[in-house]
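Scroll down for the structure; my scribbles are underneath it.
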Protein chains: 2
Amino acid sequence: MSELANLLRDRGLRLTPQRQLVLDAVRRLGHATPEQVHAAVVEHAAGVNITTIYRTLELLEELDLVTHVHLSHGAPTYHDVNEEQHIHLVCRSCNAVQELDPATLDGLAKQLLEQRGFQMDISHVALFGLCGRCT
Amino acid sequence: MSELANLLRDRGLRLTPQRQLVLDAVRRLGHATPEQVHAAVVEHAAGVNITTIYRTLELLEELDLVTHVHLSHGAPTYHDVNEEQHIHLVCRSCNAVQELDPATLDGLAKQLLEQRGFQMDISHVALFGLCGRCT
DNA sequence: CTGCATGCAAAATATTTGCAACAGC
DNA sequence: GCTGTTGCAAATATTTTGCATGCAG
């Protein structure tokens with residue numbers, strides 16, 4: 001039985017095709033906006049409404065199956081929690097997104113925790129600047 | 001003569017009350033969304049339209065007089081470029097925003113530059129996580 | 001059966017654009 | 001006066017909400 005089914009059942013919620021499809025799409029796409037998830041889901045199940053995508057992403061986030069980051073503009077980008085964590089380096093000039101080993105931030109995370117009691121969510125970080133090509 | 005006037009004149013653009021008011025408001029407010037800037041400007045100049053705020057913020061950003069960061073949700077927050085730089089620590093639970101000395105990221109910035117040629121924009125960074133009270 | 005989930009339409013937000021009137025230089 | 005600017009309204013884009021129908025358990 002899938003993890004999704006169990007998590008849902010534990011809360012008295014239901015396993016629906018839409019919920020499976022949305023989770024699959026997020027996992028398959030890696031990074032995706034609600035819009036993109038919708039497009040991917042609709043390929044397999046034509047009638048699914050964008051509203052359901054939003055509601056399902058919110059639910060999956062509550063269940064800690066996915067998270068989202070804000071890259072560049074308001075566009076929220078969802079991805080699988082179990083996917084290998086990575087930091088996003090976003091170029092403000094060409095908008096390219098590089099990924100970075102999260103260990104790079106371990107030192108900073110430790111420092112923030114000690115100095116401020118602030119527990120940084122490493123997988124939720126996006127750093128902005130200029131990439132090598134644009135400088 | 002103000003810096004704003006010079007920058008505008010160099011580009012063949014005009015100094016208008018609206019532009020002065022928007023820049024003043026951003027400087028006075030420290031952090032502010034377009035909405036908040038609008039509210040502040042309207043106190044002194046009733047008729048100014050929200051559209052003009054958006055257009056002016058975009059212009060001021062091109063002139064490198066202001067920048068913006070994305071705290072929490074899509075809400076862009078504008079602030080004076082010359083203001084003392086600071087990092088934002090955003091709590092995902094209570095949404096409180098702490099400020100942090102940018103020097104904290106100097107090590108990371110250096111590392112990214114050397115490893116990736118990526119020139120991080122320190123003033124543009126927001127880090128997410130849980131603050132001391134919420135952990 | 002019962003209540004959660006979905007689709008649809010409409011509302012609420014946020015931001016952008018076309019265009020005519022206006023104003024800085 | 002010429003051309004950049006603004007205000008207004010409308011168009012877009014994005015996300016949320018109300019409600020009746022539908023379906024998982």
Side-chain angles (χ1 to χ4, degrees), chain A residues 1-2 4-26 31-42 44-63 65-66 68-78, chain B residues 1-2 4-26 31-39 41-42 44-63 65-66 68-78 95:
Chain A
M1 181 57 76
S2 78
L4 176 58
N6 290 328
L7 285 169
L8 288 171
R9 198 149 16 76
D10 289 349
R11 296 200 177 199
L13 302 177
R14 294 173 189 165
L15 179 61
T16 63
Q18 286 88 341
R19 288 176 176 168
Q20 296 179 71
L21 287 165
V22 168
L23 181 55
D24 285 348
V26 170
H31 306 85
T33 62
E35 203 80 29
Q36 292 169 324
V37 172
H38 182 225
V41 168
V42 163
H44 298 279
V48 179
N49 197 282
I50 182 75
T51 302
T52 301
I53 305 297
Y54 279 106
R55 287 195 277 227
T56 303
L57 286 172
E58 192 182 345
L59 175 65
L60 294 178
E61 192 152 22
E62 261 176 53
L63 297 178
L65 290 172
V66 308
H68 75 276
V69 283
H70 292 277
L71 305 181
S72 65
H73 305 135
T77 306
Y78 286 82
Chain B
M1 181 56 78
S2 76
L4 175 59
N6 290 328
L7 285 169
L8 288 170
R9 200 152 11 81
D10 289 349
R11 298 199 175 198
L13 301 177
R14 294 169 189 167
L15 179 62
T16 63
Q18 285 89 338
R19 289 176 177 169
Q20 296 179 71
L21 287 165
V22 168
L23 180 55
D24 285 349
V26 170
H31 308 83
T33 62
E35 202 80 30
Q36 292 169 323
V37 172
H38 183 226
V41 168
V42 163
H44 299 279
V48 179
N49 196 282
I50 183 76
T51 301
T52 300
I53 305 296
Y54 280 106
R55 287 196 277 229
T56 304
L57 287 172
E58 193 182 345
L59 175 65
L60 294 178
E61 192 152 22
E62 262 175 52
L63 297 177
L65 290 172
V66 308
H68 75 276
V69 283
H70 292 277
L71 305 181
S72 66
H73 304 137
T77 306
Y78 287 82
N95 286 313

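This one's a predicted model, so the numbers in the text were calculated from it and none came from an experiment. First the proteins, then the strands, lettered A, B, ... as listed; each starts at 1.
In this structure, B:Tyr54 reaches the C:dT15 phosphate: one of its side-chain N or O atoms is under 4.0 Å from OP1 or OP2. Listed pair B:Gln18 / D:dG7 meets the phosphate criterion, a side-chain N or O lying under 4.0 Å from OP1 or OP2. Listed pair B:Thr52 / D:dT6 fails the phosphate criterion, with no side-chain N or O lying under 4.0 Å from OP1 or OP2.
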For nucleotides 10-13 of chain D, which of its nitrogen or oxygen atoms have a protein nitrogen or oxygen under 3.5 Å away, and what is each distance?
none

Set out, line by line, the N/O atom pairs under 3.5 Å between protein and nucleotides 20-25 of chain C.
{"residue": "C:dG24", "atom": "O3'", "partner": "B:Leu15", "partner atom": "O", "Å": "3.4"}
{"residue": "C:dG24", "atom": "N2", "partner": "B:Arg14", "partner atom": "NH2", "Å": "2.8"}
{"residue": "C:dC25", "atom": "OP1", "partner": "B:Leu15", "partner atom": "N", "Å": "2.8"}

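B:Leu21 has its CG atom 14 Å from the C1' atom of D:dT5, to the nearest Å. Atom CD in A:Glu61 sits roughly 11 Å away from atom P in D:dT16 (whole-Å rounding). One atom, CG of A:Leu8, and another, C1' of D:dG25, lie 13 Å apart when rounded to the nearest Å. The distance from atom CG of A:Asn49 to atom C1' of D:dT16 is 12 Å, rounded to the nearest whole Å. Whole-Å rounding puts the A:Glu62 CD to C:dA5 C1' distance at 14 Å. In this structure, CD1 of A:Ile53 is placed 10 Å from P of C:dT6, rounded to the nearest angstrom. The distance from atom CG of B:Leu57 to atom P of D:dT5 is 15 Å, rounded to the nearest whole Å. Atom CG of A:Leu4 and atom P of D:dA24 are 14 Å apart (whole Å).
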TODO: Check the pair A:Val26 / A:Leu65 against side-chain contact (heavy atoms from CB on, under 4.5 Å), numbers first and verdict last.
DONE: CA-CA 10 Å; A:Val26 170; A:Leu65 290 172; over 6 Å; no

- [ ] Test side-chain contact (heavy atoms from CB on, under 4.5 Å) on B:His68 and B:Thr77 and set out the steps.
- [x] CA-CA 5 Å; B:His68 75 276; B:Thr77 306; 5.9 Å; no

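Scored by the side-chain contact (heavy atoms from CB on, under 4.5 Å) test, B:Asn49 finds B:Thr51, B:Thr52 as partners (sequence neighbours excluded).
Evaluated for a side chain to side chain contact (heavy atoms under 4.5 Å, CB included) with B:Ile53, the options B:Glu58, B:Glu35, B:His38 yield exactly one hit, B:His38.
Between A:Ile50 and A:Pro34, the closest heavy-atom pair is CD1-O, 4.1 Å. The shortest non-hydrogen separation linking B:Leu8 to B:Leu15 is CD1-CA, 3.7 Å. When all heavy atoms of A:Val37 and A:Val22 are compared, the closest pair comes out as CG1-CG1, 4.1 Å.
B:Arg19 contributes a side-chain N or O that, together with a main-chain N or O of B:Arg14, makes up a donor-acceptor pair within less than 3.5 Å.
Interface remark: the B:Arg11 side chain does not form any donor-acceptor pair with the D:dG4 base, using a distance-only criterion of under 3.5 Å.
In this structure, A:Arg19 reaches the sugar-phosphate backbone alone: every heavy-atom distance under 4.0 Å involves primed, P, OP1 or OP2 atoms, never a base.
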